Each structure stands twice: as C-alpha cells, then as structure tokens.
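Being a predicted model, the structure only gives us computed values, none of them experimental. So you know, we letter chains A, B, ... as the sequences are listed, proteins then strands, and number each from 1.
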Amino acid sequence: MKELMIGNEAIARGAFEAGATVAAAYPGTPSTEIVSSFAKFPGVYAEWAPNEKVAMEVGAGASIGGARTLVAMKHVGVNVAADPLYTFSYTGVNGGLVLVSADDPGMHSSQNEQDNRGYGIFAKLPVIEPADSQEALDYCKLSFELSEQYDTPVMLRITTRLAHSQTLVETGEPQSRELPAYKKNAAKYVMLPGFAKGRHIEVEKNMLGLKEYAETTPLNRIEWGDTDIGIITSGICYQYVKEVMPDVSILKLGLVNPLPEKLIRSFAAGVKRLVVVEELEPVIENFVRTLGIKVEGKELFTLLGEYSPELIEERLLGVDNSDTFGFSAQVPGRPPVMCAGCPHRGVFYTLKRMKLTVMGDIGCYTLGAIAPLEAMDACICMGASIGTALGLEKARGVDYGNKVVAVIGDSTFVHSGITALIDVVYNQGTSTVLILDNETTAMTGHQDHPATGRTIRREPTQRLDLEQLVRAIGIQHVEVVDPLNLEQLQAALETELNRREPSVIICRRPCVLIPHEPAREKYYIDQEICNGCSVCIRLGCTGLVYLDSPVKSERKAIINENSCVNCGLCAQVCKFDAIKVVEG
Amino acid sequence: MEKRKVTNVLIVGVGGQGTLLTSRILADVAVRMGFDVKVSEIHGMAQRGGSVVSQVRFGEKVYSPIIKKGDADLLLAFEKIEAARWLEYLKPDGRVIVNNERIDPLPVMSGKVKYPDDIVDRIKAVVANTLMVNATETAIACGNVKAANVVLLGVLTAATGLPVDKVKQAIERNVPSKALEVNLKAFKAGLELYSTVV
C-alpha cells in the first residue's frame, strides 16, 4: 500500500533503496528530517557533523571509499560546504554521492532565500528537482546512478514545500550493493594544479554528456495539452500550474542543470505563448532567452518569496483572489516567541538593561532581536557573532569594545564560532563572548552535537568540553553561569566587559523543552502589591498576562498558569516583590 | 464524499496545540478510503508559539499540496483569532468549526493590542455555516486538556460524515498506546459534542 511521506523522508528512503550506507548532515530547516530519517534504517552509518563543510568532506571521503553517500543541508549550508563541493566536482566520485540542497523560498526559517540551482551552474553539477515525495524517492535513487555514470556529485534540489509536504509514496526493495574495491588514484583525487587541469577536462566532458542526456531523460517530459500557452516549470511549481491550469501544455523539467536545448526548442515551437514558472531566480528563463526564444517569466511573476496556486491563477488567468472576507488584516499578529521558561530570555533582558551592543547568531535566541526584548544589533549567518563583534571593536576602538558582546548558541559555536574566537585571541580583541549552552540544537528540533556527548542515534560518545576548548584557544577568563540567575549573569558581564582581555561566559541551562523534573516552587502575583508597572511583561513571556485598565490602580500582571513553568525569572525582575512563591 | 472532487481542509491553531496530529489522522483516514492525499505543514519558526497551519487535500487526484486562497471547504480552527486570520482561504460557501479557546498572542499579553472578543460573532456574520464548540473544556472533562485536538477531530468527523470506525482506527494507529484511552474518549465526546450543538 502507498503511504504518506514528507519529501525529506522519501529522499532518505530513496537513498536507502539505492544502497547508500553513509549519510552526513548538519541540521537546518527544512532539511533536518532527511538524515534523521536515514539514521533509522538498519545497517547504515549516519552522523550529525559539526557543520556542513565537514558533512560534505565526510561524504567525499565515503564516496572515495566506495560507499553510496547522502549529504543533506539547508540552502545556506551549501555556502559553508561550497569549498569542498567545488573541487569534489573535479575529483568526481567512486561510490555515488547525492547532495540534497533544501532551499527555503519565502524564508519560513532562514536568513535569505538564495536559489541553489546557481551552485549547479558554477560548480558544474547536475541538479535534479522533484515535484512530490514519490519523485523525491525515485529521483534520489536515479541520482546515485547518474553520479556514478557521469562521475560527479549530484545535487538534489528541493524547497520547503516539498520537504515538508506529505504525498503518497510507493516504496521499493532496498538494493544490496557490493562496496567497490578501493584503488589509490592520485591523478583523480589529489587536486594539485597538474592533476586538477586533467580533471577539469573530464568535468567538461561529463557536462557535455549530461547535456545529451538532458534531451532524452525521463526526468524531463512534455505533457501536451492546449497549445495556446505552454509552460516550462519544475519542482513544486509544476503542481501549482496543474492545479489552476490542468489543460495547458507543460514542459516539466526534473533535470534543471544542464538544461535541454533541443527539447525546449521543440516545445517552444509547438505553443503560441511560452511562459516559465519558477520560484526565485530566472534560471530556466534566462537559458531560454539565450536560445533566442521569446519567453515570459519574471515580468509576470516575482523574484521574491514562495509561489502559490493563486499567484499563478492571478498572473496567467487574471483571476482576482483578493480576500473575500477581509478579516486577515484586522487580526492581531502572533509572532514566534521564546518558550516560557526559556533560558535565553533572561540573557537578552539583561543585555538590553545594560544597553550593550549585541552581535547575534543563528538559533532560537535570534528571537532576542524582536519585541519586547529587542536586544540584538546584527545577525548574519551561522557563527558570525564573534567575528562581527571583533570587527566592530576594531572599527570603534577598544573603549567601545567594552560595550560589545557576541551571543552564540552551543551548537552554533561548534559549527563555526571556534575559528572566530581564535581570531579574537590572536588579534588581541577584548570581546566578551556569551555561549548560550542549552545542551542541544533547539531550533531545528533538538538534535545532538559534539558538546552534548551523544550521537545522532543518542548513543553516548566523547563529549566536547566547551570550557576546556575555549581555555585551549587562549581565553584566560571563562565563567559558567545559570542564565536564570540574573544577578549572577549581570555580575559576570560587568566583570568580563571591564577587562581589556577577551573572555567567555557560558550561560548553561538545558532547553526548557528537554524533558526534566518540573520546578518545585510555584509562583503567583500578589495583586495587592502589583502596581501594574509592567516590568515583568517586558520579559516577553507567555507565562504572564497584563490586565490593562483605564484606571491606573487597576492595571495588574497575572500569571498564565497554562504556560508558566515556574522558572522564577519574573520574580527576579519585579521591583516590588509582588511575584511570590506559593507557600507549602 | 464524491471522489472526483478534491476536498480541502485547513487546520489552524497555535504552535503546541496539536494541529499536526489532527491533520495526520485525517490524512490517514483519507488514504485508507482510497483517495489521493496531500498534506502541507510548516516546521521551524512557526512552532515557537506562532500561528500554525496544516492543509489536508484529498480526492481522486490532487496536485498542489497547498490550498488555494478561497478554496477551503472547511476551516478547523483550534483558536478563535486563528480562524479569522486564515478565513481568506475559505470558499464563499465553506464552513468553519472553531474551538471556543482564546490564546493571547504576545502583543495582546503585553497590553499593546486588544483581543477582539467579538471575533466569532463577526465570522458568523459573514460565514453562515460557522460552528463554535467547547473542545478544550470537553478535553479537560475527558481527562487531558491536550486531547482537545482529538475532540475537534470528533466534531469534524460528525460534521463531514467521515466513517466513524475508520477515524477510530486511524486514531489507534497514530496515538501512542499510553494516551490512547483518553484520546478515544475525547473522540467520542467530540462526536457527541457535535450532535448537542447542531
């Protein structure tokens, strides 16, 4: 029987059925479930790597060692992995290697919406794009074949809507595969200039072979229908087009790099009006234009965000899909918030109170940037907090450096904060770095990492000791504090900021969503004492509610018992001791 | 239910309310009934107490995993203002089932914005087929507030005429065994709740 699977699970299944035995990834929405699903299959090796570059390198090594290998990451992760990727494209593979790039048009959970089909063009990789979970499984299997046939890593490019939509999948039997013999081959795998020149010739030959393949592959197909309009599309946009225009002629591309020149020409010749429907960059559209074919694309649509069935209906059929009920604009927003009891909340409350310049990083704690905490000045990419803090200090002088902190999570610090901290020590920065150690990768759904001491399968392993690590780098001043103890946190900050030396404060408390013993003390707000000053409300905690009133004396804060986990943070910020522990 | 036509159900609520379980059970039922099924959900930022939506589509052949604006047959809202937020996805003659639950978003908690108390009345004024139920209360009576999602599944089952035994079996497949008893109780209560309010 067919079963429902999200695209990510289907990719993992496809890799398993293709006989892949090694997988590596760093978690990142919307890619995380690919390798976490793969890890559940018997007889395979899967790992959370410290970052995407390492995951790609582990993948390259496993491929050279003969294993079929799956590497998965979110779109911005490919930036981190780009260095090994560009040259692994030259060496080619032994066992097939499939790199999944999970792009995030619309930025549901990302800092940009780059289109990673561009990597296919620049790194000379075939790029394959499925349009539902069945194709995700089938195309993943086929990608391993193509990888070996054309001696190249293959990029399987998906988007959030495919990664996290469930569609019906028919699974197959896993293929058993002999590990091919390992033979030393320096001319193929040692990329010295002399050898690399030879490999570049091979890469171009392989791309020519793939161009031929693109013309005939079942990955690309024409669905003839009404020829007044012909649409070239790929991925999830194919589904949107079929939804609103089921009868038009469609050229559906599953191989989006290299593109099939002859197939496009013959499709274009068979329709009166040619339109490309693709999210983000005009990759297909620009190619069609270089062929001298008249085509419409971004002038009808947009470079921004996700597409939708209504967008296509609106732009191609002129249907007005504006809100019939007119409600959405009147509803109060519901922005994401830190959980009640989150250990990050007190940190940002304190940083704001101390009026510090905060260079931030990627994780749940990026929510410290939004109201009411609003205690972050910049956030660029994974690991950037420490380098940007050093740069800011060098620009504005060491006195300003006393007002600057870098804030980075434990998983993010291991990902790409360590080398920047070495730079701080080496180039005599005085920054104070806060490592918010909640003992997990929380944002993506609680994955382990080197400093949790557990593997992807939750088996115990050597734990990376963050204190020892930062001391070894040369940080002389390392303090470990409880971020729910505001007095301790503020004292540590005051001491470390005033030093003309670099220091690290590790704010250590497990993520509140990790199962733990409930707090023993229960809090309430004494309504006699509370004067409605709303200092506690400025913590932005869902465990507190403000009862507003035109009469000043009637304004009060109360505890929302459905959310409150009794962390006690609000009791520490109340200036009137109105928030008390329930006796007994 | 007619096979050729695609049925679109939009399930909305607040991160943590268990909308995902409801959509997964509904999808499971539709698969067992022989329909083509697609479900769209969004993970990540949306889960952090934000507004969440999952979309279930089933019929003879389904293309898009997301529902076109103005095309949902049924809007199942776990929270009152979430019903209003997603109302533009409803067909002009669609129906709304809304849980009588108020969860204040942060701008309301901090006193910056007022919670629109009359929101369900305003929805009723434009969507005749609007039903408000006390699923949260019912779930508490069944023994666990978290089972409100399955109470709502019961209401939805009764309202749409889905086969009760098939939904029950899907609950059994999708709910961990230790929580099964309370969830089956919640499902039954949801079925009854529908007959008492209609």
Need one label for [X]: side chain, backbone, both or neither, based on atoms under 4.5 Å from any heavy atom in chain B.
| X | value |
| --- | --- |
| A/Pro332 | both |
| A/Asn562 | neither |
| A/Thr160 | side chain |
| A/Ile236 | side chain |
| A/Leu168 | both |
| A/Val241 | neither |
| A/Cys342 | neither |
| A/Met1 | side chain |

Chain A contact residues among [range], heavy-atom distance under 4.5 Å:
| range | value |
| --- | --- |
| residues 118-137 of chain B | B/Ile119, B/Arg122, B/Ile123, B/Val126, B/Val127 |
| residues 186-194 of chain B | none |
| residues 143-155 of chain B | none |

With sequence neighbours left out, what residues match A/Glu306 under side chain to side chain donor-acceptor pair (under 3.5 Å)?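 Listed in chain order: A/His108, A/Arg161.
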
Heavy-atom distance under 4.5 Å to chain A: side chain of [X], backbone, both or neither?
| X | value |
| --- | --- |
| B/Val37 | both |
| B/Ile67 | backbone |
| B/Lys91 | backbone |

Between [Y] and [X], is the closest basic N to carboxylate O distance under 4.0 Å?
| X | Y | result |
| --- | --- | --- |
| B/Glu82 | A/Arg334 | yes |
| B/Lys68 | A/Glu310 | no |
| B/Asp28 | B/Arg32 | yes |

Could you tell me which of A/Lys2, A/Glu3, A/Glu313 has the largest number of non-hydrogen atom pairs under 4.5 Å with chain B?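 Looking at each option in turn, the highest pair count goes to A/Glu313.
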
Any idea which of A/Asp548, A/Leu4, A/Val545, A/Asn321 has the most non-hydrogen atom pairs under 4.5 angstrom with chain B?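 Greatest number of close heavy-atom pairs with chain B: A/Leu4.
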
Parallel, tilted or perpendicular: which describes the rings of A/Tyr365 and A/His344, with under 30° parallel and over 60° perpendicular?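 Rings of A/Tyr365 and A/His344: perpendicular, as their planes differ by over 60°.
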
Might you work through the side-chain contact (heavy atoms from CB on, under 4.5 Å) test for A/Leu544 and A/Cys570, ending with a clear yes or no? CA-CA 9 Å; A/Leu544 294 162; A/Cys570 54; 3.9 Å; yes

Passes side-chain hydrogen bond (donor to acceptor under 3.5 Å, both in side chains), B/Glu41 versus A/Gln166? Steps please. CA-CA 8 Å; B/Glu41 44 197 55; A/Gln166 301 178 52; 3.1 Å; yes

Within 45° cone and under 6.0 Å: A/Lys352 NZ/CZ vs A/Phe348 ring: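 Negative - A/Lys352 is either too far from the ring of A/Phe348 or too far off its axis.
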
Using the six-membered ring of B/Tyr115, assess whether NZ or CZ of B/Arg102 lies under 6.0 Å from its centre and within 45 degrees of the ring axis.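 Satisfied, under 6.0 Å and within 45°.
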
Stepwise, does the side-chain contact (heavy atoms from CB on, under 4.5 Å) test hold for A/Leu539 with A/Val573? CA-CA 9 Å; A/Leu539 285 168; A/Val573 305; 3.9 Å; yes

Would you say the side chain of B/Val39 lies within less than 4.5 Å of the side chain of B/Arg57, judging by non-hydrogen atoms?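 Not touching, per the 4.5 Å side-chain cut-off.
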
Quick one: of B/Pro65, B/Pro116, B/Pro105, who has the most non-hydrogen atom pairs under 4.5 Å with chain A?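 It is B/Pro105.
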
